[in-house]
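Here's the structure, in structure tokens; my notes come after.
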Amino acid sequence: MNIDFSPLYLSLKVACFATLLTILLAIPLGYFLARCNFWGKDLLDSLFTLPLVLPPTVLGYYLLVLIGRQSPLGAFLNEKLGIQLIFTWQAAVLAAFFSSYPLLLKSAKAAFATIDQNLENAARTLGRSEINIFFTVTIPLAWKGLTSGIILSFARALGDFGATLMVAGNIPGKTQTMPIAIYDAVIADNVGQANLLVIIITLVAIIAMFLLQLLERKY
Amino acid sequence: MLSVNIQKKLDIFDLNIKFDVESGLTALFGPSGSGKSVTLKCIAGIMKPDTGWITLGDKTYYDSAKKINLPPQKRKVGFVFQNYALFPHLTVAQNIAFGITHLPKQEKQEVISNLIKKMNLTGLENKKTGHLSGGQQQRVALARTMATQPQILLLDEPFSALDSTVRIKLRGQLMELLAENPIPAILVTHDLNEAYSLSKKMVVIEGGKCLQQGHKDEIIYRPQNTKVAEFTRATNIFYGTLSSENNKVSLTTEKFSLTLKAENLPKDAVKLQVMIRPHLIRILPLTACLPNSNVFLVEIVKEIRHIDSYTLFLKQKKSPFDDYDFTAKVSAQVYQDLGLDQQKDVYCYLPPEHLTLISC
């Protein structure tokens, strides 16, 4: 039997890139929301959480409007930089990113907020620089919350269907991720293919979760 | 010398604190929520005052006029937090090493092993701090701070979470440590005994204001106002009218009259307050040879037994009032010698030299 591994490969690639983007953006943002007080903070917080509560297709539609060729941003990217995002795997990364980052944002914010700030103050009186304190005190103390947030985000990114379908479409070998390939197989009444893909993605998910949970025990 | 003069708007009151600290240990004493900890955090640079200045010797930590606000990293203060603030993800040795990572390895190792030995932490070097007892955590916190050789030591209620036996031991250890490293230290506490027994100088703070500062005995025996007297648990405070005849100054309250020492009395004062500490009131048996003033025939109406002493509540025999008049404290030895368990009628004597004036 001839198995096409491209949906699996694509799903992992998209989920990894989306998670990387999430780590880089959601952790600093979570820190900012946990530590800074300003007018309209709660509103901003709700706005950032919105992708989590919106139906994925709605999120996908917004993305489509945002980066589609008719939108100012899409037009700018297309005409000035020659980049067309729609129906590429990069669009799938964006879709997965937007549907998964609130999970890390929430747990990062909670993890940073529960740290006893006297620990950071103690580090200050002991002469450590602010950036050093962030990496040697704050991050280790928030580690459990951060890693569980990363695990959840990765899982969510791996499983996105609606938003990805909206902006990346269903192009076999190019943008067809596992969830979409499974849907395709079911629609085409290809039960064997569907079963196989489902088993593969389940195994991959279990292995990925196991590996990420090893991270959690570091501190 | 540390010199503090800071103002800061807080939620419940405005902080306006001014005091100086010389060498030795100074206690910032006052009730909870009086602004002591905030003051300490301003000195360390963890919090920022609105206006004023903080200087240590010729080093300016903070000066609103000159727009100087040194970050805590540059102040070289040693801060011991109330909950110790040990790093739970690090071992005891790593905690102690935290402020001296810039030192060469050999030197660092030497400092750590010296402090481990001095603070009785041998054998715990590689334990995470969460597994330690309160006293051990406190010692790690002290060691971690002293490793950086601070120029001033700030202690924020360091003993409040410990049980009394550990507390007494650790107080001794702190005093030894300060004897070896003669740097100024500030101890924030709401425990009067702790403040008195550890410090040389006391600063009494309430509601963000500095009520009185000076040598500890001055605070205890010559409180400047009623509040200081109350905070320092003065119980016998008498308010009355001043009169003098034949070189004898006396204070007449609604219940009795007391002879005062004429010195140090404010001129042309009419109404004033005096106080006497309970342990300075003397209890005399009925058979005693009596001094010629300030002696009262009293009955012991209530008593509280402590381990080594008794607090006695004394009411004048002839008094028509229900309330007791004096609180006296006698050692268990005196109590036994005078047979006070049987004999409830005694004389009490308030020596005029111990009756101190409180400015209202």
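Keep in mind that the numbers below use all heavy atoms, side chains included, and drop hydrogens, waters and symmetry copies. Below, chain A is the first sequence line, B the second, and so on; all start at residue 1.
With a 4.5 Å cut-off on non-hydrogen atoms, B:Leu90 does not touch chain A at all. Neither the backbone nor the side chain of A:Glu120 comes within less than 4.5 Å of any heavy atom of chain B. Proximity to chain B (any heavy atom under 4.5 Å) is shown, for A:Asn118, by both the backbone and the side chain. Residue A:Thr136 touches chain B through both its backbone and its side chain, counting heavy-atom pairs closer than 4.5 Å. When heavy atoms are compared at a cutoff of 4.5 Å, B:Lys41 approaches chain A solely by way of its side chain, counted from C-beta outward. Residue A:Ile115 does not touch chain B at all, counting heavy-atom pairs closer than 4.5 Å.
Residues B:His89 and A:Leu141 are in side-chain contact: their nearest non-hydrogen atoms beyond the backbone lie under 4.5 Å apart. Annotation: side chain of A:Leu126 is in contact with side chain of B:Arg144 (closest heavy-atom distance under 4.5 Å). Contact of the B:Phe81 side chain with the A:Asn121 side chain is registered, since non-hydrogen atoms from C-beta on lie closer than 4.5 Å.
At a heavy-atom separation below 4.5 angstrom, chain A is approached by no residue within residues 13-35 of chain B. Contact residues of residues 91-103 of chain B toward chain A are B:Phe98, B:Gly99, B:Thr101 (heavy-atom distance under 4.5 Å).
For the side chain to side chain contact (heavy atoms under 4.5 Å, CB included) test with A:Thr125, the passing option among B:Val77, B:Thr148, B:Leu154, B:Thr145 is B:Val77; the others fail.
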